[in-house]
Amino acid sequence: MNGLINPITIAENIKRIRQTNNLTQIEMADTLGYSERTIRRLETNGTYDLYVINLIAETFNIPVVSILFN
């Protein structure tokens, strides 16, 4: 962990979380209250939106740092 937040790392981690929980993008969208398009965007571009990151962490009961860093 180099201390820099990389949106691509966040994107990869969001996708990994979804796949680990055996969810489709549609199911993840429903779980979080977002559209499938938003989930696709998050998995492609990542996000710096701490609300979204915290929501994912709380929903899947994981630490925020596991989304921010490898």
Side-chain angles (χ1 to χ4, degrees):
M1 180 165 50
N2 64 12
L4 298 176
I5 296 175
N6 180 342
I8 300 306
T9 299
I10 293 170
E12 291 169 353
N13 289 336
I14 290 171
K15 183 175 184 176
R16 178 186 45 77
I17 291 163
R18 178 181 60 77
Q19 291 174 333
T20 299
N21 286 279
N22 298 312
L23 297 173
T24 65
Q25 289 179 332
I26 293 170
E27 292 168 333
M28 179 113 167
D30 289 343
T31 299
L32 297 174
Y34 290 108
S35 68
E36 178 186 5
R37 181 175 184 233
T38 297
I39 299 304
R40 282 195 313 266
R41 184 180 48 78
L42 291 172
E43 289 185 0
T44 302
N45 302 322
T47 184
Y48 288 115
D49 186 330
L50 293 178
Y51 176 81
V52 172
I53 292 168
N54 192 53
L55 176 63
I56 294 169
E58 286 183 1
T59 300
F60 294 99
N61 197 30
I62 57 174
V64 169
V65 296
S66 69
I67 299 171
L68 297 177
F69 304 103
N70 278 338

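From a predicted model like this one, the values you see are computed outputs, not experimental measurements.
Side-chain contact between Tyr34 and Val52 is present, with at least one heavy-atom pair separated by less than 4.5 Å. Within the 4.5 Å cutoff, no side-chain heavy atoms of Asn21 are placed close to those of Thr31.
The distance from the CZ atom of Arg41 to the CD atom of Glu36 is 13.0 Å, given to the nearest 0.5 Å. The CD1 atom of Ile14 lies 6.5 Å from the CD1 atom of Ile53; values are rounded to the nearest 0.5 Å. Atom CD1 in Ile67 sits 4.0 Å away from atom CD1 in Ile62 (nearest 0.5 Å). Distance check, rounded to the nearest 0.5 Å: CE of Met28 to OG1 of Thr38 gives 11.5 Å.
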Pair Asn13-Asn70, side-chain contact (heavy atoms from CB on, under 4.5 Å): steps then yes or no: CA-CA 8 Å; Asn13 289 336; Asn70 278 338; 3.6 Å; yes
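Both Leu55 and Val65 are part of a single hydrophobic cluster, where members link through side-chain heavy atoms under 4.5 Å apart.
Between Pro63 and Ala57, the shortest heavy-atom distance links the atoms C-CB, 4.3 Å.
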Cut-off 3.5 Å, no hydrogens considered: what does the side-chain donor-acceptor table look like for residues 4-12, sequence neighbours left out?
from: Asn6; atom 1: OD1; to: Ile8; atom 2: N; distance (Å): 2.8

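Sorted by first and then second residue, the pairs that involve residues 53-69 and meet side chain to side chain donor-acceptor pair (under 3.5 Å), not counting sequence neighbours, are Asn54-Glu58.
Among the candidates Lys15, Arg18, Arg16, the single residue satisfying the side chain to side chain donor-acceptor pair (under 3.5 Å) test with Glu43 is Arg18.
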